[in-house]
Amino acid sequence: MEEAPMEIDDCYQEQIRPDTLSFARSYQLEALDKAIRENTIVYLETGCGKTLIAIMLLRSYAYHLRKPSPYIAVFLVPKVVLVSQQAKALRNHTDLKVGTYWGEKGVDNWDGAIWKEQMEKHEVLVMTPAILLSCLRHSFIKLKMIKVLIMDECHHAAGRHPYACIMREFYHHQLRSGITELPRIFGMTASPIKSKAANSKLTLSKNIRELMTLMHSKVYTCVSDAVISKFIPTSTTKFQVYNENVISYAQFAELANKLSSLKQQHELYVTSSNFIKSTVDSAHKRIARIYTHSIFCLEELGVWLALKAAESLSSIEIETLLWGNSGDQIVKDFCSSAILTLQSYIPSDPQWIIGDNMNSDMERGLLTSKVCCLMDCLLEYRNFTEMRCIVFVERVITAIVLEVLLNNLLPKYNSWTAKFIAGNSSKLQNQSRKNQNQIVEDFRMGLVNVIVATSILEEGLDVQSCNLVIRFDPSPTVCSFVQSRGRARMQNSDYILMVKSGDSVTRSRLEKYLDGVEMMRKESLHHSSLPCESLESDKFNEQTYRVASTGAVVNLSSSITLLYLYCSRLPADGYFKPTPRWDKQTGTLYLPKSCPLQVQAVNVHGESKYLKNIACLEACKRLHMIGALTDNLVPSIVVEKAEVEDFGNEPYDEDQPSYVPLELVNRMPNNSNTIYYCYLLELKQNFSYDITVQDIFLATRVKLDLETECMQFNMGFDRGSLSVNLKYKGSINLSPDQVLLCKRFQVNVLGILMNHKTDMETVSDKFCLEDDLEFDYLLLPSIAIEETPSVDWITINSIHPSIVKCLHHEANIWTEKGLVCPCILRNALICTPHNGRTYITTGIMELDGNSPLEVGDGEVITYKKYFGQKHGIQLRFEHQRLLKARHVFPVKNYCHGYRQAKDRDVSKTFVELPPELCSIIMSPISVRTIYSFSFIPSIMHRLESLLVALNFKKMHLSLCPQNSIQTFKVLEAMTTKSCKENFHYESLETLGDSFLKYAVSQQLFNMYENHHEGLLSVKREKIICNAALCKLGCSSKLPGFIRNEPFDPKTWIIPGVKSRCFKLEETVFKGTKIYTRGNRKLKRKIAADVVEALIGAFLSTGGEMAALLFLDWVGIKVNFNITPYERQFDACPDNLINVSFLESLLKHSFRDRSLLVEAMTHGSYMLPDVPRCYQRLEYLGDAVLDYLITTHLYNEHPGMTPGQLTDMRSASVNNDCYAMSAIKVQLHKHVLHASQELHKHIAATLDKFDEQSSSQTFGWESEASFPKVLGDIIESLAGAIFVDSGYNKEVVWQSIRPLLEPLVTPDTLTIHPIRELTELCQKMNYTMEKNLSRNDGVTSCRIEVIADGIIHQYEYKGSTDKKTATRLACKRVLNSLQLKETQDQ
């Protein structure tokens, strides 16, 4: 081999200075010095502090790693449990920023942007090697970014292990290319050899040399064990021999035969049952696993531990029970039978306890001699109070049952406790890393004395040194031997190797392991003085495909994995999982039908054993060339999904502005006269009441550009409705004094009505200052002069009652402020300071203070006495006549629509008041005026809303002048249900949602001819998801126009009043002034819903072109100009399906019959005759049908409520509805598929299908669980007809509608069972619990409702989807509740 010496740049080397720790040992400092100078493999036994050397190396490189440096260090560990452990050590001894990565963190789905973010944030990345290898292959991380690459347990670097692949594919590739910017390599191992055989000196030398060459590193180790012994005690190795098992072969054979018979019997039960293939396979695997482990324990450990194994396996099966797969019960029955069989061999004497007589237990086969030998070993150390022992076993099941045995036996001799720790690859236990770390911590503290462990504790969790290590099962490799021995590092510790008597082979191997340790040291020292050799080129990986733009690479080693990864992201269902199919005979690779390659069969030539790898590499290359794999060689759907998630994770500020109409906002006028434009608010009450309303003038500073539709609207309230009609009456020129007078009037009247204030503030304090933005409009009473409405200046002047002089009467009535004329008191707004209330007077009564007053219980007293007793007031003018008055009318929200309320007793609205207790606020002012002004806040709120909607409409029309729309439609689209008005956006949102889905789906279907359904769906989601729509809405300033709060009259701002709560602000958007009154909370979904509602609004008034123009305006580019593309289909359709039957059924003659074949082909139909399955057409047809049905319902039933439209759409547009239609017309007979599971599900559905239910097409009425495929077929046929007809949706409706009849109507609509049950529980305060799970294609749903102390529950078990399972379970519980109600009645 050619030598490849490691040369270090002297200038660069000067920058690396050792950064040591004060407690480091001499050999650690020596190793550090070597590691700084050259690539190094530190070979030291377990417990000698290799990690500390790595930490000091990172400290030495810290200067080059600290941010903003672009470089990182990577610390690789072979097991996930080591990630957090090594990261903790790094954080404890360095100030470097450490990131941790393993599979469960979802790193497999990370893209380059996320990894870039991680590298900018962290300086050391601790991860498993497979993650780094993947990042390097996808070019998310480049080798030149890594300054230091640490490999823990580097003896794994061989074959196709990720360590070896990293070095071969990247390090040595760049080394051979002459690239010098390579990371410092630092390997750590307790044994440079990982071999099952006891190696000769020659073999050891060869293996060490190969590791050094692959790692391009020199081995460092101590010259002798004596160097380490100065710091760390070494253990004494002992052999413990046990005899052959006493259990007779006859007894073992008898039990084994019984278990075997049980296995065959239960496997037959599974096979003969009508289960789907996945269920059969799963049950067979689980039965075989239980049987295998039981037989192993029976032979190796004895009957008692075989029983414990069966019990443990049974509990695991119960915990992981699929609940719905009937195979579960058979597996459970097998467990029970096996347990009963084993129990029959256990003594039935209640006094008998395992281990009381070990020899007797061994003779009866309850325990084997090997297990008894273990107990003998442990009992030799029974007097150790600080015992720390690890028992190493090979199998997880052994660890589990030995823990049970030890905890049964050890308490008889001492206070020791035992725990087991094992990996979870076999799924025999569910210990979490947290549990395992806790056991190790308890072991350190002495709460646990014995750990029974698999190899996880050899190079896994960090366990402090022990005083006893027992190898219950012999070490499989010299590395395992060294690592387990290294755990025994306490003073006077022992390392016991258990060997069966007469097993000379195992003993010889272990003895060679002992000798091999010293031999490895000598060979390592010898090779450390030699230069590294060049790694021979790897012919296997010479064939590569590298993306020039990114450097991402796929080779023969990774091609199969990458192709399977790609196929795993293709659309799948419960009947078919898309995977590539390799035909070894012909050397052909067949890809799933959803794969976008035009030719789905890949034929290649090459060395036969690598032919599959070569074919997969070619497929990956082709997939990248058409964009199915990105330039980082990841499935494009992964990137698209990540972008959708990024949308959802983008920050959104819920504090959004609330716009006010610019027509009602202005700055305070200067001292000159001001022109106001007057609009008469003609009020007409559509109800009977003792007071009639009168018209009111609205005077604005600018002329309102109102449409006719906005000039008229109705306000509903308790008694009926009030019609409002705006009529322009011309302009009026007001002087500053008149403006001030008008404002004082409206502020006083509205202020009293809204707040009932009697403590009148200084008017100047309440008005806006000059140049302040304010609501600048006037609300003035009107009066008819010669049948012409005019401003009622007399009423406006009523704010100055003191200046009113009566020419006919003298001031002879005493009020709270002095003498006044009777005329002033006849129509006055007064307050009574003694109780702080405000009233409206309607006249003077004949009663006085001495008149009788009937109070409670029929008692009659005088008014004088009443006021004395009730208020402590002595009337001074008891002979003055009383005033007749009524309470001020409350200002309410009259925007909510008509609501019937109970009539109040009119007499209770009137009161009798002594004038001397009254203070006049305004006079003269009629009760009609006050009554009419009580409606003003609600009227103005509605008008403001219409004006805001009009402002949005103008903003839109400025760019789309041809896209006209009714202002009220815009208002409806921008009003949420929470406003509690008699209109809201739900119907329009439902309509707009269906059109948006239709438009975007059609666009993407034609734009991306090679994209599969999954990728198209993700791309669509990226455009129409709430986050995307909200973002577009925000960029168009839409949130400010949205109304999402019910009108609260208390918060309405009286025009002209200076509010302390908010300040109007002015902004400009695209040349248009916008005024805001502060922020309010607005959820992202509402903003998205309003975008869809506006689409629906434009669609309902202007048709599809108007909706498309709005889409374009908001930022969604959709083009309906479709260009047909060529389809490749060589087979004859008539040879595959019954074309004439299907065309007759659909009443459509296909121009391209291949579309019909594609529409009927399921993904499981792998024959090459049909290049594509129905998924793309299903994607398109789903959107087309959704839109067609929604528009049909919207147009056919215009009077229905928004909620009804949503419910009817849900009832009509669902897979179950379509599946029922498919069954009715026998479409299931024509589906091309090759799935046994689908065949069985269709057959089961047909058996349960009730002909009576066929009269209902909304599927939730049926008790059957429908195969999703049947519903998909209806959608794919719709898609096929749509494409074949030149994208004519009317043709689709004519073909598909008859299949769906009868369509749901408001009269036939029933609420979905899930919603019905949920709403019932909320209404009645019932407790409802749901447990839903799905495993291996089997769904379980358990619904429990506690109603009035009675439990109603149902559990569904079956192979349907989660939604159907939940629906069926809810329906059963509803039936139970309804039955109970009927019985009670």
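Index from 1, following the sequence.
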Under a 4.5 Å cut-off applied to non-hydrogen side-chain atoms, are I925 and I799 in contact? no
For E663, is there an ion pair with K703 - N to carboxylate O distance below 4.0 angstrom? no
Apply the test ring pair (Phe, Tyr, Trp, His ring centres under 6.0 Å) to residues H941 and W1052: give CA-CA distance (whole Å), side-chain angles for both, the deciding distance (0.1 Å), then the verdict. CA-CA 8 Å; H941 172 73; W1052 184 71; 9.4 Å; no
Residues D655, R1080: salt bridge by 4.0 Å N-O rule: no
As an exercise, state the distance from CD of Q694 to CD of Q685, rounded to the nearest 0.5 Å. 11.5 Å
Are R928 and D695 close enough for a salt bridge, meaning some N to O gap below 4.0 Å? no
Answer yes or no: is there an ion pair linking K743 with E774, defined by an N-O contact shorter than 4.0 Å? yes
Quick check: do P1039 and C1034 have side-chain heavy atoms less than 4.5 Å from each other? yes
NZ/NE/NH1/NH2 to OD/OE distance under 4.0 Å, E654 and R1084: no
Say whether T929 and S926, considering side chains only, have a donor N or O and an acceptor N or O under 3.5 Å apart. yes
Aromatic rings F745 and F933: how do their planes relate, parallel, tilted or perpendicular, breaks at 30° and 60°? perpendicular
Taking it one step at a time, do Y894 and F1047 satisfy ring pair (Phe, Tyr, Trp, His ring centres under 6.0 Å)? CA-CA 9 Å; Y894 296 123; F1047 174 57; 9.2 Å; no
Is R1077 paired with E944 through a side-chain N to carboxylate O contact shorter than 4.0 Å? yes
Without hydrogens or angle criteria, can the side chains of N827 and T842 be said to hold a donor-acceptor pair below 3.5 Å? no
Are side-chain N/O atoms of Q966 and T1101 paired as donor and acceptor at under 3.5 Å? no
For the residue pair Y676 and D776, confirm or rule out a side-chain donor-acceptor distance under 3.5 Å. yes
In this structure, are over 12 heavy atoms from other groups packed under 6.0 Å from K684 atom NZ? no
Within 45° cone of F697 ring axis and under 6.0 Å: K729 NZ or CZ: no
Salt-bridge contact K1323-E1319 (side-chain N to carboxylate O under 4.0 Å): no
Taking S938 for its side chain and F935 for its backbone only, find out whether a donor-acceptor pair lies under 3.5 Å. no
